[in-house]
Amino acid sequence: MSSSIFSPLSAPSHTVLKSNQNPLLNLDSFIPKRVSCARRRTLFITTRASLSTTKESVLKEFHQRRALKIISGLQNLDRDNVAAVVSAADKGGATHVDIACDPELVKLAISLTKLPVCVSSVDPLTFPAAVEAGASMVEIGNYDSFYEMGLTFTPEQILDLTKETRRILPHIALSVTVPHTLPLPDQIKLAEQLELEGVDIIQTEGGKCSTPSKAGILGLIEKASPTLAAAYSISRAVQIPVMCSSGLSSVTAPMAITAGACGVGVGSAVNKLNDIVAMIAEVKSISESLTLSNSGANVVRESTLRL
């Protein structure tokens with residue numbers, strides 16, 4: 001029997017930074033008080049513009065509808081596995097990596113790749129230390145490990161987590177997963193509310209609730225159907241990018257883009273593999289499938305314009 005949670009399962013393991021330690025937390029506090037008002041205003045605008053440029057670069061592939069985020073797992077603290085997943089993402093052609101919200105793992109990741117590093121958590125207080133360590137995006141989501149414990153999230157709880165994250169980190173790229181445990185109309189409503197709260201990306205899920213009845217390609221399509229349905233519906237209700245995640249493969253990733261997603265998130269298809277060579281091959285296969293999908297879509301658009 002499932003239960004709903006809001007409070008963190010345990011006390012935050014990282015010290016929360018004071019606002020003047022990180023410009024992403026509070027720009028006004030970042031500027032020294034002794035600087036003149038005019039100079040403070042210039043520094044404020046310059047710093048904010050710099051942060052905006054960083055955020056834009058993190059979101060660029062989403063706006064180009066070609067983002068591929070490889071996920072190591074919200075509670076995966078195995079340094080060797082995380083290192084392998086990050087390296088595979090880097091070498092296989094991914095555009096982003098998503099790891100547990102741990103500053104030491106962030107430092108490890110940025111030592112292995114120049115890809116934007118996203119950190120996932122359901123405790124906003126853990127985000128600042130990870131951002132200070134080098135994370136350029138934060139994610140409220142990747143709930144699978146909580147579902148396995150019988151824990152679920154309500155729309156009100158997701159909204160509260162989002163508001164708190166935006167209060168602490170007003171200028172960081174923020175992605176929020178809409179729980180697949182909600183009926184589809186409620187998923188759409190929550191996505192619309194999240195957009196109003198300043199979320200940059202909506203992530204869908206559903207692989208855990210799908211039990212394919214067929215093997216092979218039919219089974220892969222069955223497994224992806226819940227998250228594809230959510231991506232299709234939500235992408236038509238919001239103006240911000242939608243990332244389709246959970247239960248995807250090289251077969252179904254292109255379907256996500258066709259359904260309206262601006263990117264895909266892939267976890268267990270990569271992080272459950274036993275060696276880095278297999279991981280790289282899987283990432284490359286998914287990346288190439290997205291490239292072919294986008295090329296086909298461009299041809300269709302050009303043909304339509306000529307007509």
Side-chain angles (χ1 to χ4, degrees), residues 1-10 12-13 69-78 81-82 85 96-102 105 118-127 130 135 137-166 173-191 193-194 197 199-211 223-231 233-234 242-248 256 261 263-272:
M1 188 169 188
S2 65
S3 59
S4 180
I5 64 169
F6 173 63
S7 300
L9 295 181
S10 60
S13 58
K69 184 175 72 168
I70 303 301
I71 305 165
S72 67
L74 181 146
Q75 296 198 39
N76 181 8
L77 302 178
D78 183 330
N81 180 262
V82 172
V85 170
H96 299 72
V97 293
D98 187 322
I99 63 176
C101 189
D102 179 270
L105 286 182
C118 174
V119 290
S120 292
S121 178
V122 294
D123 180 1
L125 293 179
T126 64
F127 285 138
M137 179 176 171
V138 299
E139 159 82 20
I140 299 170
N142 296 324
Y143 310 125
D144 285 353
S145 59
F146 295 101
Y147 296 150
E148 291 168 1
M149 295 185 286
L151 302 173
T152 59
F153 298 81
T154 67
E156 293 75 20
Q157 291 166 348
I158 298 296
L159 284 168
D160 284 343
L161 291 170
T162 300
K163 292 174 182 177
E164 179 65 6
T165 300
R166 264 292 170 246
L174 171 60
S175 173
V176 179
T177 297
V178 172
H180 78 264
T181 52
L182 300 174
L184 193 51
D186 290 345
Q187 291 186 44
I188 296 169
K189 181 180 178 181
L190 176 57
Q193 292 173 315
L194 290 169
E197 293 298 334
V199 169
D200 298 295
I201 298 165
I202 300 293
Q203 183 167 299
T204 65
E205 60 171 20
K208 283 288 183 180
C209 71
S210 177
T211 306
K223 185 171 182 61
S225 60
T227 193
L228 291 174
S233 302
I234 291 173
V242 173
M243 166 167 279
C244 187
S245 183
S246 185
L248 297 178
V264 300
V266 178
S268 58
V270 174
N271 64 44
K272 298 300 183 186

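This one's a predicted model, so the numbers in the text were calculated from it and none came from an experiment. Index from 1, following the sequence.
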Determine the minimum heavy-atom distance between [X] and [Y], stating which atoms define it.
{"X": "Q157", "Y": "T152", "answer": "OE1-O, 4.0 Å"}
{"X": "V242", "Y": "A231", "answer": "CG1-CA, 4.2 Å"}
{"X": "K69", "Y": "V97", "answer": "CG-C, 4.3 Å"}
{"X": "G265", "Y": "M243", "answer": "N-CG, 3.9 Å"}
{"X": "G141", "Y": "L74", "answer": "O-CD1, 2.9 Å"}

Can you tell if the side chain of [X] reaches within under 4.5 Å of the side chain of [Y], non-hydrogen atoms only?
{"X": "D98", "Y": "V119", "value": "no"}
{"X": "E139", "Y": "I71", "value": "no"}
{"X": "I70", "Y": "V85", "value": "yes"}
{"X": "F153", "Y": "V122", "value": "yes"}
{"X": "I158", "Y": "Y143", "value": "yes"}
{"X": "T204", "Y": "S233", "value": "no"}
{"X": "C244", "Y": "L228", "value": "yes"}

Between [atom1] on residue [X] and [atom2] on residue [Y], distance to nearest 0.5 Å:
{"X": "F127", "Y": "L161", "atom1": "CZ", "atom2": "CG", "answer": "8.5 Å"}
{"X": "H180", "Y": "T227", "atom1": "NE2", "atom2": "OG1", "answer": "10.0 Å"}
{"X": "L248", "Y": "S268", "atom1": "CG", "atom2": "OG", "answer": "9.5 Å"}
{"X": "T177", "Y": "L190", "atom1": "OG1", "atom2": "CG", "answer": "10.5 Å"}
{"X": "D144", "Y": "E205", "atom1": "CG", "atom2": "CD", "answer": "6.0 Å"}
{"X": "N76", "Y": "S120", "atom1": "CG", "atom2": "OG", "answer": "11.5 Å"}

Working for side chain to side chain contact (heavy atoms under 4.5 Å, CB included), residues N142 and Q203: CA-CA 9 Å; N142 296 324; Q203 183 167 299; 3.3 Å; yes
Residue pair Q75, S145: steps toward the side chain to side chain contact (heavy atoms under 4.5 Å, CB included) verdict: CA-CA 7 Å; Q75 296 198 39; S145 59; 3.1 Å; yes
A229: side-chain contact (heavy atoms from CB on, under 4.5 Å) partners, not counting sequence neighbours: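 Per chain and number, A229 pairs via side-chain contact (heavy atoms from CB on, under 4.5 Å) with no residue.
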Results of side-chain contact (heavy atoms from CB on, under 4.5 Å) for E197 - residues two or more places apart only: L159, T162, K163
Main-chain N/O of L174 paired to D200 side chain as donor or acceptor, under 3.5 Å: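 Checking the backbone N and O of L174 against the side chain of D200, a donor-acceptor pair under 3.5 Å is found.
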Qualifying residues under side chain to side chain donor-acceptor pair (under 3.5 Å), relative to S72, sequence neighbours excluded: none
